[in-house]
Amino acid sequence: MSSHRTSAGADKPAMAPLLLCPYFLPSVPFSRGWGAISHLTDPTAKRGTLCPSGRQRLGANRHLGPLEAESRASPQAAAGRYGLLLFVPAGAAGGERALSQQHRLPCRAGPCLAAGTGGDSQGRGQDARRPARRRPGGRRKGREAVAAIMRALPGLGRLLAARGWGWPPRRCLSAMARYGTEQRGRPNTPDYRLYFKNADGKYISPFHDIPLFAGSKEDKEIPAKRSKTTGNEVLFNMVVEVPRWTNAKMEIATEEPLNPIKQDTKKGKPRYVANIFPHKGYIWNYGALPQTWEDPNHTDNITGCCGDNDPVDVCEIGSKVRSSGEIVQVKVLGVLALLDEGETDWKIIAIGVDDPEAQKIHDIDDVRKHKPGYLEATIDWFRCYKVPDGKPENQFAFNGEFKDKDFAVEIIKSTHEYWKALLHKKTDGGTVKCTNVLVSGSPFCCSEEEARSIVQSAPVPANGDSVCPEVDSWYFFPRDH
């Protein structure tokens with residue numbers, strides 16, 4: 001929308017339209033005046049017209065929060081769908097440079113001037129052909145306009161609620177946003193490590209310091225005392241070790257302090273799983289449930305075998321390809337009991353709650369219905385994946401039958417209890433390292449400084465080696481099943 005000027009030279013400020021983010025608008029800080037503001041669309045613009053993106057900064061002290069996912073993916077489409085734009089006047093006194101010229105989007109209704117673009121050092125919006133001019137009383141009028149905006153927000157909230165725009169469910173927020181990772185060493189080499197941090201920047205153990213239950217208070221309530229549910233579904237945190245379709249056998253280093261992710265080795269070289277036709281690498285996002293432990297001192301009364309001394313493994317079957325080190329909130333669907341060289345190795349089947357297919361898959365039978373052949377491929381993969389290394393085929397308890405969600409949750413709960421005993425020194429963990437930063441009452445708890453020194457003692461980050469071409473080879477052999 002272009003700037004309009006009166007014959008006396010007074011001008012009406014140009015309005016820089018911003019796509020309104022209903023989830024984050026109440027948190028917009030107003031430190032100084034913006035002048036007038038309107039929540040109506042430009043009557044002269046076509047529906048769906050969008051000017052500078054609302055995701056950009058509005059000066060050092062005021063900015064909108066990130067837009068809802070649909071707005072980020074296609075701002076014009078989102079504007080056309082919702083038909084609600086927020087206009088910030090370009091000429092508000094005291095305003096700062098709001099949106100940079102390079103981030104402006106085309107506006108079909110005519111020339112658009114973002115607040116502060118083409119202006120002077122104070123960031124006042126103006127027409128590039130005319131000199132800047134300060135309006136008398138602009139700062140006071142700006143403050144009055146901001147007060148009017150704040151008075152209007154409750155009504156705007158009711159309008160949004162009437163159109164079905166509520167606050168997003170908390171489970172839709174990315175769990176990874178609360179955690180970060182730090183690479184040490186060189187990828188594709190034995191010295192590579194991926195360490196974890198929490199939202200406060202503290203180095204933590206993904207094995208011990210990330211809660212099992214997704215609804216616990218990560219920083220203050222560990223072990224988790226309560227769980228998060230969607231209906232009758234308990235949500236769990238999953239640590240992704242291996243992204244789908246990749247071959248590098250990445251795993252939580254249970255025998256190292258702070259338990260970083262590393263690549264398994266064979267004869268001193270990085271280990272990769274073979275492509276056994278028709279499977280390419282791992283056929284799911286593969287990882288583990290934190291704060292679980294399959295006790296090697298305990299003989300399972302169902303399988304008759306001891307635990308494998310690792311956290312419980314998870315096969316996440318959603319449509320997204322995850323990243324190594326990502327933390328995903330998952331709902332459990334079932335479990336497979338693999339007998340790996342005489343050890344019980346539970347394989348939880350789960351799906352990320354943010355996956356597009358999560359709303360229609362709730363139990364193991366839904367996997368058969370919506371992803372036919374996937375469970376059979378899972379059996380085939382686990383049976384044969386060690387054969388190219390010269391080992392025999394793996395076996396399964398229950399004749400390879402998948403158990404349902406309730407059975408799986410009970411397995412998770414029992415392994416969580418074994419983990420508690422491990423972290424409080426009530427059982428012998430052998431070579432497992434229990435170093436942690438956040439587990440209350442654990443004798444293995446260390447300080448932030450000690451955790452930092454552990455990470456800094458690892459090799460410095462560097463470019464990795466190339467992967468050998470043999471990793472992409474295919475293996476073919478007959479099945480007797």
Side-chain angles (χ1 to χ4, degrees), residues 175-185 193-228 235-241 250-262 287-298 307-314 324-329 412-458:
M176 191 59 206
R178 297 192 294 272
Y179 299 99
T181 56
E182 180 175 315
Q183 174 190 324
R184 306 290 292 189
R193 298 294 184 272
L194 193 65
Y195 287 92
F196 285 72
K197 294 179 179 180
N198 65 5
D200 295 330
K202 298 177 182 178
Y203 291 106
I204 59 171
S205 162
F207 187 4
H208 307 305
D209 290 320
I210 296 176
L212 169 62
F213 296 102
S216 68
K217 298 175 182 178
E218 267 88 357
D219 292 332
K220 299 179 181 179
E221 197 172 294
I222 299 174
K225 299 282 196 310
R226 60 189 179 86
S227 61
K228 180 177 184 178
L235 303 186
F236 300 92
N237 285 319
M238 169 191 176
V239 180
V240 177
E241 297 167 313
M250 310 302 295
E251 60 186 15
I252 292 175
T254 59
E255 298 182 2
E256 295 183 14
L258 293 185
N259 316 112
I261 288 179
K262 69 170 186 177
L289 293 178
Q291 298 189 341
T292 61
W293 181 53
E294 297 185 52
D295 188 352
N297 305 306
H298 172 76
D308 71 345
N309 205 30
D310 285 326
V312 174
D313 296 322
V314 185
S324 185
E326 187 174 350
I327 310 301
V328 182
Q329 293 182 2
I412 294 170
K413 289 179 179 178
S414 66
T415 56
H416 183 50
E417 293 303 315
Y418 298 143
W419 171 83
K420 288 181 182 178
L422 173 69
L423 263 288
H424 291 86
K425 218 169 184 178
K426 296 179 180 178
T427 189
D428 181 16
T431 58
V432 173
K433 294 295 183 182
C434 300
T435 308
N436 66 87
V437 180
L438 301 173
V439 182
S440 177
S442 170
F444 302 102
C445 194
C446 72
S447 67
E448 294 180 43
E449 292 73 19
E450 290 172 317
R452 188 180 302 109
S453 66
I454 291 171
V455 176
Q456 292 176 348
S457 65

A.B. asks: Do the non-hydrogen side-chain atoms of V239 and I327 ever get within less than 4.5 Å of each other?
C.D. replies: yes
A.B. asks: According to side-chain contact (heavy atoms from CB on, under 4.5 Å), who are the partners of D295, at least two apart in sequence or on a separate chain?
C.D. replies: W293, N297, H298, Y418, T427
A.B. asks: Measuring from atom OG of S324 to atom CD of E251, what distance do you get when rounded to the nearest 0.5 angstrom?
C.D. replies: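 So the OG of S324 and the CD of E251 are separated by 11.0 Å.
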A.B. asks: Within the side chain of T292, is there an N or O that forms a donor-acceptor pair under 3.5 Å with the backbone of V312?
C.D. replies: yes
A.B. asks: Do V432 and F207 make a side-chain contact, defined as non-hydrogen atoms from C-beta onward lying under 4.5 Å apart?
C.D. replies: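 The answer is yes; the side chains approach within 4.5 Å.
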A.B. asks: Under the 3.5 angstrom rule, does the side chain of D209 hit a backbone N or O of V437 as a donor-acceptor pair?
C.D. replies: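 Here the side-chain-to-backbone pair exists.
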A.B. asks: Do N198 and L438 make a side-chain contact, defined as non-hydrogen atoms from C-beta onward lying under 4.5 Å apart?
C.D. replies: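 N198 vs L438: side chains touch.
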A.B. asks: Under 4.5 Å between any side-chain heavy atoms of K262 and M250, yes or no?
C.D. replies: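 When only atoms from C-beta onward are counted, M250 and K262 do not touch, as no gap falls below 4.5 Å.
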A.B. asks: Rounded to the nearest 0.5 Å, what's the gap from CG on L289 to OG1 on T415? Could you check?
C.D. replies: 7.0 Å
A.B. asks: Looking at P290 and P211, what are the two nearest heavy atoms and their distance?
C.D. replies: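 Heavy atoms only, the tightest pair is CG-O, 3.5 Å.
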A.B. asks: Tell me, please, which residues at least two apart from K433 pass side-chain contact (heavy atoms from CB on, under 4.5 Å).
C.D. replies: P257, N259
A.B. asks: I'd like to check the salt bridge (Lys or Arg N to Asp or Glu O under 4.0 Å) partners of E255; sequence neighbours left out, ordered by chain and number.
C.D. replies: none
A.B. asks: For D313, check side-chain hydrogen bond (donor to acceptor under 3.5 Å, both in side chains) against everything at least two apart and list the hits.
C.D. replies: Y286, K347
A.B. asks: Can you check whether C445 reaches N436 side chain to side chain, under 4.5 Å on heavy atoms?
C.D. replies: yes
A.B. asks: Would you find a donor on one side and an acceptor on the other, under 3.5 Å apart, between the side chain of Q183 and the backbone of G185?
C.D. replies: yes
A.B. asks: Any donor and acceptor pair, going by atom type alone, linking the side chain of D308 with main-chain N or O of D310 inside 3.5 Å?
C.D. replies: yes
A.B. asks: Enumerate, atom names and distances included, each donor-acceptor pair closer than 3.5 Å involving a side-chain atom of residues 451-458, sequence neighbours excluded.
C.D. replies:
residue : atom : partner : partner atom : Å
S453    : OG   : E450    : O            : 2.6
S457    : OG   : S453    : O            : 3.4
S457    : OG   : I454    : O            : 2.6

A.B. asks: Tell me every residue that passes side-chain hydrogen bond (donor to acceptor under 3.5 Å, both in side chains) with R193, counting only those two or more places apart in sequence or in another chain.
C.D. replies: E256
A.B. asks: Taking all non-hydrogen atoms of both residues, which atom of I261 and which atom of F196 are closest, and how far apart?
C.D. replies: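 Distance-wise, the nearest heavy atoms are CD1-CZ, 3.8 Å.
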A.B. asks: Not counting sequence neighbours, which residues clear side-chain hydrogen bond (donor to acceptor under 3.5 Å, both in side chains) with Y203? List them please.
C.D. replies: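 Listed in chain order: E182.
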A.B. asks: For K425, what residues pass the salt bridge (Lys or Arg N to Asp or Glu O under 4.0 Å) criterion, not counting sequence neighbours?
C.D. replies: none
A.B. asks: Is a donor on one side and an acceptor on the other found under 3.5 Å between the side chain of E241 and the backbone of I252?
C.D. replies: yes
A.B. asks: Side chain of S442, backbone of L423: donor and acceptor closer than 3.5 Å?
C.D. replies: yes
A.B. asks: Are S205 and T435 side-chain neighbours, meaning at least one heavy-atom pair lies under 4.5 Å?
C.D. replies: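 In short, these two side chains do not touch, never coming nearer than 4.5 Å.
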A.B. asks: Could you work out, with side-chain hydrogen bond (donor to acceptor under 3.5 Å, both in side chains) as the rule, every residue matching T254, not counting sequence neighbours?
C.D. replies: none
A.B. asks: Check whether Q329 reaches the backbone of N237 with its side chain - one donor and one acceptor, N or O, closer than 3.5 Å.
C.D. replies: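 Not confirmed, Q329 side chain does not pair with N237 backbone.
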